[in-house]
Peer 1: 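Below you'll find the structure I mean.
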Amino acid sequence: MTLPNGLQVGIGVDVAAYPLDNHTSQRDFWLTLISRFDDVVEFITLEDGFAASGGDGLDAILLANWLAPRSRKIGLLAGAPLNHLEPFHVSTAVATLDYVSEGRAGLFAQQLRGDRVLQAQQAIGALGGFPTPDGSALEQDAQDAIDVIRRLWDSWEEDAIIRDRESFRFLDGAKLHYVNFESTGFKVLGPSITPRPPQGQPVVAAMQIEGGDASAAADVVFIRSDLLGLPDVPKAQVFFVDLDIDLEPAPIADFIAEVGRIATSGANGIRLILRDLRQLDHLVNELLPALEGASLLRNPGSGTLRERFGLPAAVNRYTSAA
């Protein structure tokens with residue numbers, strides 16, 4: 001599915017990337033960053049650096065909830081390393097983000113690999129329920145986490161809140177549902193403690209890493225540019241191609257040519273990864289205007305994040321099954 005009028009553009013930022021030599025407070029730093037992108041790009045992914053050896057920074061979902069009322073338009077895809085966080089809490093936190101942002105929320109389902117898995121397990125300690133470092137176990141666990149998170153978002157029907165003053169009833173209990181989910185790693189009874197989000201189902205995004213990873217369960221998939229043209233590139237999903245913005249910038253003409261190549265691939269857009277935030281001025285002042293001048297940049301849309309990605313309205317599985 002290709003949306004008209006150029007490519008959608010998103011930004012990828014690691015929340016642990018706050019420059020240690022920066023004299024600006026974290027508060028002002030993140031306010032400035034989000035304000036520079038707010039009316040320019042469609043979304044930002046805030047990658048959580050949980051248990052990274054160099055420091056994990058802020059909690060990405062909490063940061064997104066803080067940024068939401070301080071921004072107007074930009075979609076906020078908050079990162080969570082699903083293999084090492086309780087999916088129940090991820091579900092409620094992202095549902096809250098959807099309320100605070102008025103329908104601009106999404107979950108960036110991160111999948112730790114290799115040394116990052118070991119670092120995370122060392123940080124948490126010897127607790128039960130976490131998958132082994134085996135790749136297939138990690139993949140299954142991530143897919144299970146996405147499944148139960150979606151079920152929890154559905155566990156409140158749209159009209160579960162009734163606020164009936166005469167009967168002193170706040171909720172219609174018949175419209176709250178147990179999810180009764182059990183996998184090899186965890187068990188969730190439900191229902192959620194947060195009402196159904198404004199979008200019904202906030203957008204779920206994931207990076208395509210391997211054939212059986214969590215991207216198969218996502219609404220939006222991010223892929224590396226060198227994977228374009230391969231048979232397993234998603235066709236039915238919304239997909240974005242990742243481009244790194246390096247500290248040593250390439251010629252703008254080369255950048256435009258690469259984005260033009262992506263535009264012919266069927267991708268919905270690009271995600272520009274800021275590995276070093278010293279590249280922020282170059283990105284905002286030079287690269288994004290160059291994309292607009294080449295008619296490759298689609299202006300940010302309006303409405304919910306699901307609508308902007310061209311995703312269908314979310315149907316509640318429990319309501320439709322009644």
Side-chain angles (χ1 to χ4, degrees), residues 1-4 8 42-43 45 61 64 68 75-78 80 82 87-109 140 142-163 170-183 186-206 208 213-222 234-240 268-269 301-322:
M1 125 183 39
T2 303
L3 297 173
Q8 291 180 298
E42 200 75 73
F43 66 89
T45 58
I61 298 182
L76 299 165
L77 289 156
L82 294 186
F88 186 93
H89 299 313
V90 173
S91 173
T92 58
V94 175
T96 301
L97 176 60
D98 206 34
Y99 277 102
V100 176
S101 67
E102 299 181 313
R104 292 182 284 128
L107 166 65
F108 179 29
Q140 185 60 54
Q143 292 184 45
D144 289 342
I146 292 174
D147 188 4
V148 76
I149 286 169
R150 290 189 187 276
R151 291 173 183 271
L152 287 165
W153 288 335
D154 280 348
S155 65
W156 288 54
E157 295 187 31
E158 301 285 353
D159 53 353
I161 299 176
I162 54 177
R163 294 189 173 97
F170 177 72
L171 295 175
D172 182 349
K175 295 180 183 276
L176 270 64
H177 302 277
Y178 293 112
V179 301
N180 289 322
F181 186 92
E182 184 171 0
S183 69
F186 57 85
K187 180 189 299 185
V188 176
L189 179 62
S192 177
I193 57 173
T194 305
R196 183 167 168 79
Q199 294 183 95
Q201 290 275 326
V203 174
V204 176
Q208 187 179 51
D213 62 25
S215 65
D219 303 305
V220 174
V221 179
F222 303 123
K235 302 299 183 186
Q237 294 162 296
V238 177
F239 79 97
F240 284 74
N268 295 82
S302 58
T304 69
L305 193 56
R306 286 189 69 87
E307 292 168 342
R308 288 191 252 165
F309 281 133
L311 296 169
V315 177
N316 190 315
R317 73 192 69 204
Y318 300 108
T319 304
S320 60

Peer 1: Working to the nearest 0.5 Å, report the span between CD of E102 and CG of L305.
Peer 2: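 Here the rounded value is 14.0 Å.
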Peer 1: Can you list everything that forms a side-chain hydrogen bond (donor to acceptor under 3.5 Å, both in side chains) with Q199? Sequence neighbours excluded, please.
Peer 2: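 Result, side-chain hydrogen bond (donor to acceptor under 3.5 Å, both in side chains) vs Q199: D98.
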Peer 1: Partners of N180 by side-chain hydrogen bond (donor to acceptor under 3.5 Å, both in side chains), sequence neighbours excluded?
Peer 2: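 side-chain hydrogen bond (donor to acceptor under 3.5 Å, both in side chains) check on N180 returns nothing, list empty.
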Peer 1: If you measure only the distance, is there a donor-acceptor pair under 3.5 Å linking the side chains of Q143 and D147?
Peer 2: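 Checked: Q143/D147 side chains show no N/O donor-acceptor pair below 3.5 Å.
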Peer 1: Working note: E158 + N316, criterion side chain to side chain contact (heavy atoms under 4.5 Å, CB included); need CA distance, chi angles, decisive distance, verdict.
Peer 2: CA-CA 8 Å; E158 301 285 353; N316 190 315; 5.5 Å; no
Peer 1: Tell me, please, which residues at least two apart from I193 pass side chain to side chain contact (heavy atoms under 4.5 Å, CB included).
Peer 2: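 In terms of side chain to side chain contact (heavy atoms under 4.5 Å, CB included), with neighbours along the sequence ignored, I193 is linked to F88, T92.
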Peer 1: Can you give me the closest heavy-atom contact between I61 and A80, atom names plus distance?
Peer 2: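 The answer is CD1-CB, 4.0 Å.
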Peer 1: Any sub-3.5 Å donor-acceptor pair from R104's side-chain atoms to A68's backbone N or O?
Peer 2: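 Checked: pair present.
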Peer 1: Holding to side chain to side chain contact (heavy atoms under 4.5 Å, CB included), I want the full list of residues that pass it with T45, two or more places apart in sequence or in another chain.
Peer 2: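 T45 satisfies side chain to side chain contact (heavy atoms under 4.5 Å, CB included) with F43, L77, F108, F222, R271 only.
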Peer 1: Of all heavy-atom pairs between P202 and A105, which one has the smallest distance, and what is that distance?
Peer 2: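 Result for this residue pair: CB-O, 3.7 Å.
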Peer 1: Starting at OG of S192, measure out to CG of L152 and round the result to the nearest 0.5 Å.
Peer 2: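 If I round to the nearest 0.5 Å, the distance is 5.5 Å.
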Peer 1: For the CG atom of L107 and the CG atom of L76, what is their distance to the nearest 0.5 Å?
Peer 2: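 L107 atom CG to L76 atom CG measures 12.5 Å (nearest 0.5 Å).
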Peer 1: Not counting sequence neighbours, which residues clear side-chain hydrogen bond (donor to acceptor under 3.5 Å, both in side chains) with D154? List them please.
Peer 2: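 With neighbours one apart ignored, the set is R196, Q201, R317.
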Peer 1: Give the minimum heavy-atom separation between P195 and I161, together with the two atoms involved.
Peer 2: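 Here P195 and I161 meet closest at CG-CD1, 3.8 Å.
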Peer 1: Apply side chain to side chain contact (heavy atoms under 4.5 Å, CB included) to the pair F181 and K187, showing each step before the final yes or no.
Peer 2: CA-CA 6 Å; F181 186 92; K187 180 189 299 185; over 6 Å; no
Peer 1: For the pair W153 (side chain) and S91 (backbone), establish whether a donor and an acceptor sit closer than 3.5 Å, ignoring hydrogens and angles.
Peer 2: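 Yes: the side chain of W153 pairs with the backbone of S91.
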Peer 1: Under the side chain to side chain contact (heavy atoms under 4.5 Å, CB included) criterion, do L171 and L176 qualify, and how do the steps go?
Peer 2: CA-CA 9 Å; L171 295 175; L176 270 64; 4.1 Å; yes
Peer 1: Examine distances only and state if a side-chain atom of N268 and a backbone atom of F239 form a donor-acceptor pair shorter than 3.5 Å.
Peer 2: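 Indeed, once roles are kept as given, a pair shorter than 3.5 Å links the two residues.
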Peer 1: At their closest point, which heavy atom of Y178 faces which heavy atom of Y318, and how far apart are they?
Peer 2: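 That closest heavy-atom pairing would be O-OH, 4.0 Å.
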Peer 1: Taking all heavy atoms of P191 and all of H177, pick out the closest pair and write down the distance.
Peer 2: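 Closest approach of P191 to H177: CB-O, 3.1 Å.
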Peer 1: Would you say the ring centers of F240 and F309 fall short of 6.0 Å from each other?
Peer 2: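 Yes: the rings meet the under 6.0 Å criterion.
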Peer 1: Less than 4.5 Å apart, any side-chain heavy atom of D219 and any of V238?
Peer 2: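 Not in contact.
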Peer 1: When you measure from the side chain of S101 to the backbone of L97, do you find a donor-acceptor pair of N or O atoms at a distance under 3.5 Å?
Peer 2: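 A pair under 3.5 Å: yes.
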Peer 1: Looking at A78 and A64, what are the two nearest heavy atoms and their distance?
Peer 2: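 Closest pair (atom of A78, atom of A64, distance): CB-CB, 3.8 Å.
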Peer 1: Side chains of L189 and V179: does their closest heavy-atom pair fall under 4.5 Å?
Peer 2: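 In short, these two side chains do not touch, never coming nearer than 4.5 Å.
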Peer 1: Which distance, rounded to the nearest 0.5 Å, do you find between the CG of D144 and the CG of L82?
Peer 2: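 Result: 10.5 Å between the selected atoms.
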Peer 1: Quick one: OH on Y99 to OG1 on T194, what's the gap to the nearest 0.5 Å?
Peer 2: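 Those atoms lie 8.0 Å apart.
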Peer 1: With sequence neighbours excluded, tell me which residues meet side chain to side chain contact (heavy atoms under 4.5 Å, CB included) with D172.
Peer 2: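 In terms of side chain to side chain contact (heavy atoms under 4.5 Å, CB included), with neighbours along the sequence ignored, D172 is linked to I162, R169, A174, K175.
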